[in-house]
Amino acid sequence: MSDTLITIIAIFLAAILMFVFPLLSVSERTDDISQLAVQTATSEFVNNARTTGKITLDEYSAFVQTLAATGNSYDIEMEVKHLDENIGKKSEWTSKQVIGENVYYSVYTTQIENELYKDGTNAYSMKSGDVFSVSVKNTNTTISQSLRNFFYSISGNSTATVAAQSTGMVTGNGNI
């Protein structure tokens, strides 16, 4: 009786070693590839927007499609920090280049998207000195996350395994 129990346990362990751990390894590699694709797409999107000084609807749509091609769903957060040139300083400083005197105000994703989808505009303009940042993280649970949660009893499905962030200062003026 004890030999059959040991045989059943050995078969069960062999099945885990032969099928489950390779599946876990392959799913983690898939997440790594998705991570690389998302980081590259995010960096390219930010760099293109900051050098041209504008975010166009076509570029944003291509960015969203590139992210969707990984098979995951993503939460995209954009922020543009506009340099306020009319801050009404009450000081003797006359140059806006003085450290500590620049004031920025932020515009966020929904405001940028509203401008992108507005009829006739299809672009969001920025000027030199603005700061543009994009943060992307997956909202779905990947196979790798599911397997890790099952085997390692990790709680909290809200942890994003595929995430990217990129920020840059705008160097070109996007006047249309």
Side-chain angles (χ1 to χ4, degrees), residues 12-83 104-118 121-172 174:
F12 181 71
L13 288 175
I16 288 176
L17 290 174
M18 288 177 54
F19 298 110
V20 175
F21 285 118
L23 179 63
L24 181 62
S25 177
V26 168
S27 64
E28 286 180 355
R29 293 308 131 234
T30 303
D31 281 356
D32 290 344
I33 292 169
S34 295
Q35 171 69 33
L36 181 62
V38 168
Q39 183 64 46
T40 302
T42 303
S43 295
E44 288 177 358
F45 176 66
V46 169
N47 286 336
N48 188 30
R50 71 177 193 82
T51 55
T52 60
K54 60 184 171 181
I55 306 166
T56 64
L57 182 59
D58 294 335
E59 292 169 354
Y60 181 66
S61 297
F63 174 60
V64 171
Q65 287 177 351
T66 302
L67 295 179
T70 64
N72 296 319
S73 59
Y74 295 95
D75 179 29
I76 303 170
E77 296 177 4
M78 296 183 288
E79 180 182 7
V80 177
K81 292 182 180 179
H82 287 289
L83 179 63
Y104 288 91
Y105 64 93
S106 294
V107 177
Y108 297 100
T109 305
T110 54
Q111 296 162 317
I112 295 170
E113 286 178 345
N114 287 341
E115 190 70 26
L116 287 177
Y117 293 115
K118 190 186 297 185
T121 307
N122 294 338
Y124 185 83
S125 296
M126 300 176 284
K127 62 186 178 306
S128 182
D130 292 347
V131 178
F132 179 52
S133 63
V134 176
S135 176
V136 177
K137 58 184 169 182
N138 70 315
T139 57
N140 62 325
T141 303
T142 64
I143 294 172
S144 174
Q145 281 177 302
S146 298
L147 290 173
R148 272 186 278 152
N149 287 342
F150 178 74
F151 285 111
Y152 304 135
S153 299
I154 298 172
S155 62
N157 294 333
S158 64
T159 58
T161 59
V162 182
Q165 185 174 348
S166 185
T167 303
M169 183 168 283
V170 177
T171 58

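Index from 1, following the sequence. Keep in mind it's a predicted model, so treat the numbers as computed, not measured.
- When the options T42, V136, T139 are evaluated for a side chain to side chain contact (heavy atoms under 4.5 Å, CB included) with Y74, the one that passes is V136.
- Put simply, CG on N72 and CG on N140 are 4.5 Å apart, with the number rounded to the nearest 0.5 Å.
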**Q.** Chi angles and distances behind the side chain to side chain contact (heavy atoms under 4.5 Å, CB included) call for F132, I55
**A.** CA-CA 10 Å; F132 179 52; I55 306 166; 3.5 Å; yes
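- Proximity of N138 to Q145: side-chain heavy atoms (C-beta onward) are separated by under 4.5 Å at one or more points.
- Using bins of under 30°, 30° to 60° and over 60° for the plane-to-plane angle, the ring pair H82/Y124 lands in the tilted bin.
- In this structure, the separation between CE on M78 and CZ on F63 is 8.5 Å, given to the nearest 0.5 Å.
- In terms of modelled atom types and a separation under 3.5 Å, the side chain of T70 and the main chain of L67 share a donor-acceptor contact.
- Across all their heavy atoms, S144 and D31 have their closest contact at CB-OD2, 3.0 Å.
- Scanning for side-chain hydrogen bond (donor to acceptor under 3.5 Å, both in side chains) contacts around T51 gives an empty result, with sequence neighbours left out.
- Counting only distance, with no hydrogens or angles, the side chain of E44 and the backbone of A41 share no donor-acceptor pair below 3.5 Å.
- Panel note: side chain S135, backbone Q165; no donor-acceptor pair is recorded below 3.5 Å.
- Between Y60 and Y117, the ring planes are perpendicular. Angles over 60° get that label, and only those under 30° would be called parallel.
- Distance check: E113 CD to L57 CG gives 10.0 Å after rounding to the nearest 0.5 Å.
- The structure places OG1 of T110 at 12.0 Å from CD of E115, a figure rounded to the nearest 0.5 Å.
- Distance check: L147 CG to T141 OG1 gives 11.5 Å after rounding to the nearest 0.5 Å.
- When all heavy atoms of Q111 and S106 are compared, the pair lying nearest together is OE1-O, 4.4 Å.
- Considering only heavy atoms from C-beta on, T30 stays 4.5 Å or farther from I143 through its side chain.
- Under the 3.5 Å distance criterion, the side-chain polar atoms of K81 are left unmatched by any main-chain donor or acceptor of S133.
- To the nearest 0.5 Å, the span separating CE on M126 from CD1 on I112 amounts to 8.0 Å.
- Taking every heavy atom of both residues into account, G129 and L83 meet most closely at O-CB, 4.2 Å.
- Under the rule for a salt bridge (charged side-chain N to carboxylate O under 4.0 Å, His left out), the partners of E28 that lie at least two apart in sequence or sit in another chain are R148.
- Panel note: side chain T40, backbone A37; no donor-acceptor pair is recorded below 3.5 Å.
- Between the side chain of S27 and the main chain of L23, a donor-acceptor pair closer than 3.5 Å is present.
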